[in-house]
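Report on the structure given below.
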Amino acid sequence: MKMVVQYIVYLGVPLIFLAVVFTIVAYLSYVERKMGAFMQIRVGPNRAGPWGILQPIADAIKFLFKEDVIVDTKDKALYVFAPAIIFIATFVALAALPFGMSFSFMGINVEMNVVNISVGVLFVVAFSGIAVYGIVLGGWASGSKYPLLGAMRSAAQVLSYEVPLTLTIAIMVLTYNTFDLTKIADLQQGTLLGFLPRWGVFLQPVAFLVFIASAFAEANRIPFDLPEEESVLVSGYHTEYSSMKFAMLFMAEYGHMILASGLIVLFFLGGWHLPYINASSIVSAFAAIIPADWARLVTALLLFGVFFVKVCAVLFVYVWARWTFPRFRFDQLMSICWKVLVPVSMVDLVITAGVITWLYA
Amino acid sequence: MAIRVKEPARGVKNRLYVELLQGMWFTLKKLLGWTDVTIEYPEEKRVVYPRFRGKHALTVDDNGRLRCLACYCCARVCPPKCIRIVAKETDDPMEKMPESYEIDLLRCAFCGLCVEACPCGALIMTEDYDFTAFSREELVMNIEKLRMDKR
């Protein structure tokens, strides 16, 4: 019996996570449109349901029933597979994100992650890098010039920004001395210098800024959204896609945003931990009123809520920035990466490595 | 070859990219302001200005008869020639009246010259601007559609 329940829990937690991720993906598009509307003193979607709250569902139905136009090129297989590559790569990378405190409830282990990978950081970096293959192949196989140009830009941009992104990840791995995202989150409990929460953003503020900039570029967001620049490239690599293929590209883009937000929260904003309060002290505080098993369950749910709120806050910044900034010119984009972000993160990496060697010598 | 323009010297304030934060603050204020300038059209309509030139109407006098005397002034002055009048005689030997009076709104440019030309104030323009139809014929106005019994 216990085995069965354990098995159900192993299956159920990732499914709940998947449901949460897809809900965020769907409602992020709604929130994005609504927030943009408010910032531009407009109304935004308001026809489907009260305040347009059912708009994502209407969009999904529309995508399902739209005609699936397949362009007449030689690379039809690539054209069909490209959205799948992007979609799979993004959502597989999401699987490595831990999203809460693992705990045992009545003898059943509840792991608050989809897969517990000890080198989760590398896994995420590897799979989010694969997504660019889908963009390039999709742009190439579309057989028209705008998707191709968008794909070329995307390849150049993502490969360039992968460098500072990976360097800052290396900095954080050095700082926490582990590749395990769960441990990285757990190491951010407690305080720094007695008054700051011991979060990555206070340990490595420079790396935080570089990481945010690179993460924006990785997710092709404004101000780095040159691969899908509407005014120049129609809509970049997904110009020729329609129906569910477009929806997959769209969802993968938002999935990438969620992935980047999750990484920012895990590396720099204390993961699922509240500032100043350790998870163990929350458990013991609850244990004073309710049985220990239930205390652990309530704490885990609370901390999952904290993680959710933090990710949503970072996503809010993404959307907020999108409706605030104009986009860069392409040479500016490249010079920001290679002349600012890469040197800064390299110097930061060397300094961090030096300080750590000096501290642990 | 491109002419390189020297960039203006940037002060400390620009080096810190305060403008970025100013921009973010501005959009945040707008977001939290919750105002909108949208007129949600089918439910609420824009208030038209005085002398707005909308759909035409034919006025009537105190006895309920059309003021129109079928003088053809409007039809003659109409630039796209969209007014078509057939006149008939009345009991009064001095006057005519329209047997049919048609305005093709698909041709009409809403210039208002017909109203200016009308010698007896029979043709006016209303503030009605949202009229649609499923066929061209429905948008050719006749006396029944144009007649306006009270102002």
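This one's a predicted model, so the numbers in the text were calculated from it and none came from an experiment. Chain A is the first sequence line, chain B the second, and so forth, proteins listed ahead of strands; every chain is numbered from 1.
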Tell me, yes or no, whether the heavy-atom count around [X] atom [atom1], taken from other residues, nucleotides or ligands under 6.0 Å, exceeds 12.
| X | atom1 | result |
| --- | --- | --- |
| B:Tyr129 | OH | yes |
| A:Tyr146 | OH | no |
| B:Asn63 | CG | yes |
| B:Lys96 | NZ | yes |
| A:Met346 | CE | no |

*Report the distance from atom CE of A:Met35 to atom CG of B:Leu28, rounding to the nearest 0.5 Å.*
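Atom-to-atom, A:Met35:CE and B:Leu28:CG are 8.0 Å apart.
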
*asked:* Would you compute the distance between atom CG of A:Asn46 and atom OG1 of B:Thr38 and round it to the nearest 0.5 angstrom?
replied: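 OG1 of B:Thr38 is found 8.5 Å from CG of A:Asn46.
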
*Side chain, backbone, both or neither: which part of B:Leu32 has a non-hydrogen atom closer than 4.5 Å to chain A?*
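B:Leu32 has no heavy atom closer than 4.5 Å to chain A.
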
*Using modelled atom types only, decide if a donor and an acceptor are shared between the side chain of A:Trp320 and the backbone of B:Met24 within a distance under 3.5 Å.*
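Between the backbone of B:Met24 and the side chain of A:Trp320 there is a qualifying donor-acceptor contact (under 3.5 Å).
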
*Taking NZ, NE, NH1 and NH2 as the nitrogens, is one of them in A:Arg42 or B:Glu40 under 4.0 Å from a carboxylate oxygen of the other?*
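Salt bridge between A:Arg42 and B:Glu40, a charged N being under 4.0 Å from a carboxylate O: no.
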
*Check the pair B:Thr27, A:Phe38 against side chain to side chain contact (heavy atoms under 4.5 Å, CB included), reporting the backbone distance first and the verdict last.*
CA-CA 9 Å; B:Thr27 44; A:Phe38 284 140; over 6 Å; no

